[in-house]
Q: 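This is the structure I have questions about; it appears just below.
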Amino acid sequence: MKSRLPVVIISLFVTYVAFVAVIMVFYKPTPDEMSWEDRQAYNQAMLTDLTLGQPIADIKTIFGKADFSEAKISNDDTLQILFYRTHHKTSDGQTSKEECTPLLFKQGKLIAWGEASYQQYLASHIDG
């Protein structure tokens, strides 16, 4: 009488390989689960899809947790800046604001992004 053990083992192995293949094809990591290189490339790609007026909650869903953030209230307006890593500068194991693109929000809506917009914001001397 032949043993059924090899057939069972091969069946389990094939099932496992099929399961892993399905996971590899359909699983998409969130930005927070990506390596810094993958996240940086992802953030660069996603910046091209931004539109003014997008809610901050939508941005956080798309980009994940910000690398840095700033916020204040000025003239009864809530101003918030989220920084997302988009370009590598120094191989020191740390992400700096200089390696990030700032996204500026007023009352929870995207009003601008990019270094030039951030510098204009800083130069405006808006007091809270």
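As the structure is a computational prediction, the values presented were derived from the model and not from experiment.
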Q: Applying salt bridge (Lys or Arg N to Asp or Glu O under 4.0 Å), which residue pairs with at least one partner in residues 38-52 are found, sequence neighbours left out?
A: D32-R39, R39-D67
Q: Suppose we screen for side chain to side chain contact (heavy atoms under 4.5 Å, CB included). Which residues come up paired with S69, at least two apart in sequence or across chains?
A: L82
Q: Suppose clustering is done on Ile, Leu, Val, Met, Phe, Trp and Tyr with side-chain heavy atoms closer than 4.5 Å. Which residues sit in the same group as L5?
A: I9
Q: A side-chain contact here means heavy atoms from C-beta on lying under 4.5 Å apart; do I56 and Q80 qualify?
A: yes
Q: The criterion is side-chain hydrogen bond (donor to acceptor under 3.5 Å, both in side chains); which residues satisfy it with D58, sequence neighbours excluded?
A: none
Q: V8: which other cluster members, linking ILVMFWY side chains closer than 4.5 Å, directly or transitively?
A: L12
Q: Can you list the residues that meet the side-chain hydrogen bond (donor to acceptor under 3.5 Å, both in side chains) rule with Y118, with sequence neighbours excluded?
A: E70
Q: Sequence neighbours excluded, which residues qualify as ring pair (Phe, Tyr, Trp, His ring centres under 6.0 Å) partners of H88?
A: W36
Q: If you look only at pairs with a residue in residues 42-70, which of them pass as a ring-ring contact (aromatic ring centres under 6.0 Å, His included), with sequence neighbours excluded?
A: F63-Y84
Q: Sequence neighbours excluded and cut-off under 3.5 Å, please list the side-chain donor-acceptor pairs for residues 98-105, or say none.
A:
{"unit_1": "E98", "atom_1": "OE1", "unit_2": "S96", "atom_2": "OG", "d": "3.3"}
{"unit_1": "E99", "atom_1": "OE1", "unit_2": "S96", "atom_2": "N", "d": "3.1"}
{"unit_1": "E99", "atom_1": "OE2", "unit_2": "K89", "atom_2": "N", "d": "2.9"}
{"unit_1": "E99", "atom_1": "OE2", "unit_2": "T90", "atom_2": "N", "d": "3.2"}
{"unit_1": "T101", "atom_1": "OG1", "unit_2": "T86", "atom_2": "OG1", "d": "2.6"}

Q: Other than V14, which residues form its hydrophobic cluster under the rule that side-chain heavy atoms must be closer than 4.5 Å?
A: I10
Q: Just to verify, what does Q119 make a side-chain hydrogen bond (donor to acceptor under 3.5 Å, both in side chains) with, not counting sequence neighbours?
A: E115
Q: Check salt bridge (charged side-chain N to carboxylate O under 4.0 Å, His left out) between D77 and all other residues, then give those that pass, not counting sequence neighbours.
A: K106
